[in-house]
Amino acid sequence: MQVRAIFISDVHLGTRACQAARLVDFLREHPSEYLYLLGDIIDFWAMSRGEIYWSRAQNTFVQKVLRRGRHGDKIILVPGNHDEALREYLDMAFGDIVLKGEHVHTAVDGKRYLLLHGDDFDQVTRYHRWVAVLGDVSYNFLVRVNALLSWLRRQFKRPGYWSLAGYAKRKVKTAVNFIFDFEDSVLHHVRERGFDGVVCGHIHWAEIKQIDGLSYMNCGDWVDSCTAIVEHLDGRMELIVWHGDLAAPEQPEAPVSQIATA
């Protein structure tokens with residue numbers, strides 16, 4: 001399906017949780033003019049803990065993005081907190097990929113959307129980094145457990161996809177309040193700057209909704225929900241959930257070893 005723009009975030013390349021095979025499948029089925037990578041594409045946090053994992057599918061994803069750039073796609077990368085080291089190179093181009101601290105996308109219908117990762121509006125990430133790291137480790141644990149549960153569901157032929165991490169977010173009041181506070185903070189910023197809406201990531205909670213006349217759109221992630229925002233050729237924005245039929249685990253390029261990083 002040809003679309004005008006694709007918005008993805010929170011891929012977390014370099015980790016076992018990364019659903020790169022599904023992402024490659026999604027990109028293959030959605031040629032576009034614009035491709036926006038809205039942060040946490042590479043997980044330097046995990047790498048700093050020595051938890052490096054690189055699969056063939058992750059390598060294929062990188063190659064596919066570079067190939068799309070060579071073929072004329074406009075590719076913008078907005079770094080997030082997990083790949084914040086890339087913020088040292090803002091406004092520079094690496095091949096056909098341009099790094100930006102934020103970006104403004106004008107849809108075909110004339111609406112202007114602010115594109116950002118969103119960690120600047122997360123008080124925990126900004127001021128209590130050790131809590132954010134602990135939360136990151138806990139979330140990765142839930143995602144790994146979910147992979148086992150998904151395998152068991154397939155063995156018992158249970159239909160659909162069920163997310164343990166998503167269930168925890170819906171049931172834990174603190175998590176729900178955090179999501180609402182995050183949305184309010186982002187939209188307050190967007191309203192002050194006169195945009196029609198925002199496309200962001202960071203909180204791994206995919207959503208499109210209208211709040212007081214503004215469009216709030218969150219890409220979700222590619223470790224659990226496998227979601228993306230797309231702009232259709234008529235300017236319509238849509239949230240796509242992409243699980244496909246990929247049941248087999250991704251295979252690493254070579255036997256995986258823990259690589260210590262300084």
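Predicted, not measured: the structure shown is a model, and the values here were computed from it.
- The ring-ring contact (aromatic ring centres under 6.0 Å, His included) search around Tyr113 returns none, not counting sequence neighbours.
- Contact detail for Asp109 and Gly235: the closest heavy-atom pair is OD2-O, 3.9 Å.
- Using modelled atom types and a 3.5 Å distance limit, the side chains of His204 and His12 yield a donor-acceptor pair.
- With Trp222 contributing its side chain and Thr227 its backbone, the two residues share a donor-acceptor pair below 3.5 Å.
- Here the closest heavy-atom approach between residue Tyr216 and residue Ile203 is recorded as OH-CD1, 3.8 Å.
- Look at Arg68 and Asp73 and you find a salt bridge, because one of the NZ, NE, NH1 or NH2 atoms lies within 4.0 Å of a carboxylate O, short of that distance.
- The shortest side-chain heavy-atom distance between Pro79 and Glu84 does not fall under the 4.5 Å cut-off.
- For Val65, the side-chain contact (heavy atoms from CB on, under 4.5 Å) test picks out Leu35, Leu37, Phe61, Ile75, Ile97, with sequence neighbours left out.
- Under a 3.5 Å cut-off, the side chain of Asp43 and the backbone N or O of Ala46 do form a donor-acceptor pair.
- Placement of Ile208 and Leu233 in two distinct hydrophobic clusters is found when ILVMFWY residues are connected by side-chain heavy-atom separations under 4.5 Å, directly or transitively.
- Among all heavy-atom pairs drawn from Ile229 and Met237, the shortest one is CG2-CE, 4.0 Å.
- Using a 4.0 Å cut-off between charged nitrogen and carboxylate oxygen, Asp25 and Arg22 do not count as a salt-bridge pair.
- Side-chain atoms of His232 and Met1, non-hydrogen and from C-beta on, do get closer than 4.5 Å to each other.
- In this structure, CD1 in Ile6 is found 11.5 Å from CD in Glu33, a value given to the nearest 0.5 Å.
- Residues forming a salt bridge (charged side-chain N to carboxylate O under 4.0 Å, His left out) with Arg193 (at least two apart in sequence, or on another chain): Glu102.
- Atom CG in Leu77 sits 4.5 Å away from atom CG in Leu99 (nearest 0.5 Å).
- The line from CD of Gln58 to OG1 of Thr60 is 10.0 Å long, rounded to the nearest 0.5 Å.
- In terms of the side chain to side chain donor-acceptor pair (under 3.5 Å) criterion, Glu29 has no residue partners (sequence neighbours excluded).
- In this structure Gln210 satisfies the side chain to side chain donor-acceptor pair (under 3.5 Å) test together with Ser215, sequence neighbours excluded.
- The CG atom of Leu115 sits 8.5 Å away from atom CE of Met217, with the distance rounded to the nearest 0.5 Å.
- Taking the side chain to side chain donor-acceptor pair (under 3.5 Å) definition, one finds that His30 meets it with nothing, sequence neighbours left out.
- With sequence neighbours excluded, no residue forms a salt bridge (charged side-chain N to carboxylate O under 4.0 Å, His left out) with Arg112.
- Asp184 places no side-chain N or O within 3.5 Å of a backbone atom of Asp181 that could act as its donor or acceptor partner.
- Under the salt bridge (charged side-chain N to carboxylate O under 4.0 Å, His left out) criterion, Asp234 pairs with no residue, sequence neighbours left out.
- Under the 4.5 Å side-chain heavy-atom criterion for ILVMFWY residues, a single connected hydrophobic cluster contains both Leu13 and Phe94.
- No more than 12 heavy atoms of other residues, nucleotides or ligands sit less than 6.0 Å from atom NZ of Lys111.
- Evaluation of the side-chain contact (heavy atoms from CB on, under 4.5 Å) rule for Asp96 yields Arg70 as partners, not counting sequence neighbours.
- The closest side-chain donor-acceptor pair between Asp40 and His117 falls under 3.5 angstrom.
- To the nearest 0.5 Å, the span separating CD1 on Ile240 from SG on Cys219 amounts to 11.5 Å.
- Under the side chain to side chain donor-acceptor pair (under 3.5 Å) criterion, Arg87 pairs with Asp119, sequence neighbours left out.
- Take Glu88 and apply the side-chain contact (heavy atoms from CB on, under 4.5 Å) test, not counting sequence neighbours, and it matches no residue.
- When side chains are defined from C-beta on, Val230 does not count as touching Phe7, because their heavy atoms never get closer than 4.5 Å.
- When atom types are taken as modelled, the side chain of Gln19 and the backbone of Asp221 share no donor-acceptor pair closer than 3.5 angstrom.
- Closest approach of Gly220 and Asp10 over heavy atoms only: O-OD2, 3.5 Å.
- Pairing each heavy atom of Leu239 with each of Asn218, the nearest pair is CD1-O, 4.3 Å.
- Residues Ser225 and Val241 come closest through the heavy atom pair O-CG1, 3.8 Å.
- Under a hydrophobic-cluster definition in which Ile, Leu, Val, Met, Phe, Trp and Tyr are linked whenever side-chain heavy atoms come within less than 4.5 Å, directly or via other members, Val62 and Phe44 are assigned to the same cluster.
- With sequence neighbours excluded, the residues satisfying side-chain contact (heavy atoms from CB on, under 4.5 Å) with Tyr34 are Arg4, Ala5, Tyr36, Lys74, His105.
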